[in-house]
Amino acid sequence: FLLNRSSDLLHSINDLHIPPHGQTLKIAHILLPCSWEHSPAYHRSSIENYVSQLSQHCPNLQELHLSFTERAMTCPLPLNLPPLNITTLGVELRWHQFDACFCNQLLKYGCSWLLRDEFPKLRTLRLISEPNVVQLRMNHAGRLGHWCRVFQAHKLRLEDNFGNLINGPS
């Protein structure tokens, strides 16, 4: 789904008939447009509204994937999200060359979803973009190693785009 305005959110969900088909939906993928970077409150409310719809209509949802077209992940996560029983959060920065700051922000944003009461089964962060995985391993190996140790200490999984465990920069 490409969400641009709050009114589009409900319209898109209704057009796609999520309520009748949500029972069988296993994976949802949200593309977060770059314009949201300039409106953190709007970004947070849009995520909250979308997660609310998924929570209401998709009881079998296992994975939620978020793609950022720009640096929208710098916006803090909403504080009051409805519960979801997802096991995996996928993140992607659709910007394949990024600096150390955005390397940390991508992984920090993903971590901000983990170990929250709203997502009791969420224990896996998957980097769903192969170019992101390659970029992290080649240009940010030290930071990736640090994040791998953080994940291991909390008994969480950090996976590549194929679902393989990332143990370090290798």
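Residue numbers start at 1 and run along the sequence shown.
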Quiz item: Closest approach of Ile166 and Cys148, non-hydrogen atoms and distance?
Solution: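 Closest heavy-atom pair between Ile166 and Cys148: O-SG, 3.5 Å.
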Self-check item: Shortest non-hydrogen separation from Leu66 to Ile128 and the atoms involved
Solution: O-CD1, 4.4 Å
Practice problem: Kindly check if the number of other-residue, nucleotide or ligand heavy atoms within 6.0 Å of CG (Asp117) is above 12? | Solution: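 Incorrect, the count does not exceed 12.
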Once rounded to the nearest 0.5 Å, what's the spacing between atom [atom1] of [X] and atom [atom2] of [Y]?
X      : Y      : atom1 : atom2 : answer
Thr124 : Trp113 : OG1   : CH2   : 15.0 Å
Leu127 : Phe162 : CG    : CZ    : 12.5 Å
Leu89  : Cys111 : CG    : SG    : 9.5 Å
Leu156 : Leu125 : CG    : CG    : 9.0 Å
Leu122 : Glu63  : CG    : CD    : 10.5 Å
Leu61  : Cys58  : CG    : SG    : 5.5 Å

Self-check item: Option among Gln135, Arg143, Arg137 that satisfies the side-chain hydrogen bond (donor to acceptor under 3.5 Å, both in side chains) test with Asn139
Solution: Gln135
Can you tell if the side chain of [X] reaches within under 4.5 Å of the side chain of [Y], non-hydrogen atoms only?
X      : Y      : result
Leu158 : Leu144 : yes
Trp147 : Lys108 : yes
Arg116 : Leu81  : yes
Ile86  : Gln62  : no
His65  : Glu92  : no
Asn167 : Leu165 : yes
Asn60  : Leu25  : no
Ser67  : His29  : yes

Of all residues at least two apart in sequence or in a different chain, which pass the side-chain contact (heavy atoms from CB on, under 4.5 Å) check with [X]?
X      : result
Pro82  : Val51, Ser52, Ser55
Lys121 : Asn85, Thr87
Lys155 : none

Quiz prompt | side chain to side chain contact (heavy atoms under 4.5 Å, CB included) between Phe119 and Leu114, worked out | solution = CA-CA 7 Å; Phe119 315 118; Leu114 301 168; over 6 Å; no
Quiz item: Can you list the residues that meet the salt bridge (Lys or Arg N to Asp or Glu O under 4.0 Å) rule with Arg123, with sequence neighbours excluded?
Solution: none
Self-check item: Sequence-distant partners of Glu159, salt bridge (Lys or Arg N to Asp or Glu O under 4.0 Å), two or more places apart
Solution: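 For Glu159 the salt bridge (Lys or Arg N to Asp or Glu O under 4.0 Å) partners, ignoring immediate neighbours, are Arg126, Arg157.
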Quiz item: Step by step, would you call Leu115 with His154 a side chain to side chain contact (heavy atoms under 4.5 Å, CB included)?
Solution: CA-CA 9 Å; Leu115 300 176; His154 291 283; 4.1 Å; yes
